[in-house]
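Working notes, structure below.
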There are 2 protein chains.
Amino acid sequence: MTVGTNLAEVSALIGDPARANILAALMDGRALTASELAYVAGVGASTTSVHLAKLHDANLLTVVKQGRHRYFRLASPLVSRMLEGIMTFAAIGSPPRYQPRTTNDTAMRLARTCYDHLAGWLGVALADALVARGHIVLGDDAGELTASGIDALGKLGLAPAALQHSHKRVFCRPCLDWSERRPHLAGAIGAALATHCFERHWIEHIRDSRAVKITTAGRAGLRSSFGIDLSDRPTL
Amino acid sequence: MTVGTNLAEVSALIGDPARANILAALMDGRALTASELAYVAGVGASTTSVHLAKLHDANLLTVVKQGRHRYFRLASPLVSRMLEGIMTFAAIGSPPRYQPRTTNDTAMRLARTCYDHLAGWLGVALADALVARGHIVLGDDAGELTASGIDALGKLGLAPAALQHSHKRVFCRPCLDWSERRPHLAGAIGAALATHCFERHWIEHIRDSRAVKITTAGRAGLRSSFGIDLSDRPTL
DNA sequence: GGAATGCTTCGCCCGAGAACGAAGCGTTCG
DNA sequence: CGAACGCTTCGTTCTCGGGCGAAGCATTCC
């Protein structure tokens, strides 16, 4: 069976804990060096080298040499999607078993990027707020911006109507959040909202992570614009 | 790393050739018995039993007892999506290496179902035909039915306008075809087209497979309705 | 130039887990 | 009721591949 074979080969590649850690660390699209990846993988440099070679051979990673460093990154958005698909199942479809929380984990669960939009508690809260106010209607597979939504987001300077009719990209769709297990907003509108938050410095990237920090200005802005209350959330 | 661990566990589960064959065989949503799965897995009954138990424990499969048979099926659409994601990468992102073709493989590549819509050569040809005639505009991530498309599909009795404004489901989106490596049509419109073809007996399910057979009536109908020429395609 | 750094290659060890066959248990058929 | 069937459990074997450290090869720093 040629189909099953490829399925098995690729999955087996991801199925090693060290390699899975490497791939998870690269999920946000950054490029990391072999040494950094050895650290996140939790194994020695020599072992990591072998793993990276395999991932590279299978076209999961691309590599660029820079001086005496070798920077690895995910080879394509296809790889990200594949990994996100597996992680989503692992988080949602799998039995809710006890998982120790790390500090970084807490930050990731509060707010992080997912491709170009927001995920984590914040991402879900944002989606909830827009749905609660009748700005967005969300289905299982797609969503729709209502007239009041076009109006409200327009007042924030987002010009959603302009995005709405490009068919290059889905305008509004739910994206299952693996930590909250509920949908957040993806598609053009999700990206626009994330950009908006970054531009106003409501959120900032946390170094070496997909997690984002919610600034003081962000706490105020998210409350006044969307009614999102962060007072009972950890400051980190 | 709690995230990477789950990723690895799930992937390792899929990463065994026997289990991958089992999952691939269940991809179309049918339920198969343990014996049938033992056959597709290519291992003995006892070994299969262990594999099925693992897949079941991890919530990838559900099982229903019926007499002395145990029927297994994929536990949820989430599992299908995950597997489709991996298979897509395996087919597209991986190096184009030599793959021996089996008879069944040929049928699968000609026409098959992908969830509820059509894939394979036929699926891509259908998408191409609609795009070429200006009925559909396809982007990377979404697609749009044009006025001429609404008109043309309406004449076939599809009432696309009715489907278009339910936001429960994406109306039209491209879905990367792993055998053709080009997009076919998914979403509500893809499903409607597939249903249309089945209802008119243009295509029929092939027993024990996701592959579909194109009937003589189908060859005529696909040509007259969409200009799809199957004369140089194998009859099987 | 020499030392330090980053990464890879090699050889070895070792454990996890996939496979099988035999035996056991429950269901159905004649 | 006995036989056949479908599936699981058990015990054993054995292979694959991940792990490490030492050594080797680049590149860069001082």
Side-chain angles (χ1 to χ4, degrees), chain A residues 1 4-26 30-73 75 208, chain B residues 1 4-26 30-73 75 208:
Chain A
M1 244 278 203
T5 304
N6 285 349
L7 176 62
E9 280 174 14
V10 174
S11 304
L13 221 43
I14 310 170
D16 174 82
R19 287 193 294 258
N21 282 332
I22 288 172
L23 292 168
L26 293 170
R30 283 171 311 155
L32 297 179
T33 66
S35 321
E36 289 168 322
L37 291 170
Y39 177 76
V40 302
V43 294
S46 60
T47 306
T48 304
S49 183
V50 177
H51 285 314
L52 291 173
K54 289 184 182 180
L55 292 172
H56 182 238
D57 287 348
N59 281 91
L60 278 135
L61 300 182
T62 56
V63 60
V64 20
K65 291 182 69 166
Q66 239 174 64
R68 55 185 171 185
H69 294 276
R70 299 190 71 200
Y71 283 91
F72 292 86
R73 67 168 69 236
D208 292 343
Chain B
M1 245 276 201
T5 303
N6 285 349
L7 177 62
E9 278 174 15
V10 174
S11 304
L13 221 42
I14 311 171
D16 173 82
R19 286 192 295 257
N21 281 332
I22 288 172
L23 293 168
L26 295 170
R30 282 172 309 153
L32 297 178
T33 66
S35 322
E36 289 169 322
L37 291 170
Y39 177 75
V40 303
V43 295
S46 61
T47 306
T48 303
S49 182
V50 176
H51 285 313
L52 291 173
K54 289 185 182 179
L55 292 172
H56 182 239
D57 286 348
N59 281 89
L60 279 134
L61 300 183
T62 56
V63 61
V64 19
K65 291 181 69 166
Q66 240 174 63
R68 55 187 172 186
H69 295 276
R70 298 189 72 199
Y71 283 91
F72 291 86
R73 65 168 71 237
D208 293 342

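Below, read A as the first sequence line, B as the second, and so on, with proteins coming before strands; counting in each chain starts at 1.
Put simply, the side chain of Val10(A) does not reach to within 4.5 Å of the side chain of Ile14(B), judged on heavy atoms. Thr48(A) has its side chain within reach of Ile22(A): a pair of non-hydrogen atoms, C-beta onward, lies under 4.5 Å apart. Contact annotation: the side chain of Leu37(B) approaches that of Leu26(B) to within less than 4.5 Å [non-hydrogen atoms, C-beta and beyond].
The residue Thr48(B) sits apart from the nucleic acid: no heavy atom pair falls under 4.0 Å.
To the nearest 0.5 Å, the span separating OH on Tyr71(A) from CD on Glu36(A) amounts to 6.5 Å. To the nearest 0.5 Å, atoms CG (Asp16(A)) and CG (Leu7(B)) are separated by 10.5 Å.
We find that CD of Glu9(B) is positioned 15 Å from C1' of dG17(C), with the value rounded to whole Å. When the P atom of dT8(D) is taken as reference, atom NE2 of His69(B) falls 13 Å away, rounded to whole Å. For the pair Arg70(B) CZ and dG6(D) P, the computed distance is 15 Å after rounding to whole Å. Atom-to-atom, CD1 of Ile14(B) to P of dA18(C) comes out at 14 Å; the value is rounded to the nearest Å. In this entry the distance linking CG of Leu13(B) with C1' of dA16(C) reads 14 Å, nearest Å. Following rounding to the nearest Å, Leu32(A) (CG) and dG6(C) (P) show an atom-to-atom distance of 14 Å.
When atom types are taken as modelled, the side chain of Arg19(A) and the backbone of Leu13(A) share a donor-acceptor pair closer than 3.5 angstrom. Panel note: side chain Arg70(A), backbone Ala34(A); no donor-acceptor pair is recorded below 3.5 Å.
Taking the side chain to side chain contact (heavy atoms under 4.5 Å, CB included) definition, one finds that Arg68(B) meets it with nothing, sequence neighbours left out.
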When you check every protein heavy atom under 4.0 Å of nucleotides 11-25 of chain D, what one-letter string (B, S, -) results, 5' to 3'?
-------SSBBB---

Quick one: what's the B/S/- string for nucleotides 23-30 of chain C, heavy-atom cutoff under 4.0 Å, read 5' to 3'?
----BBS-

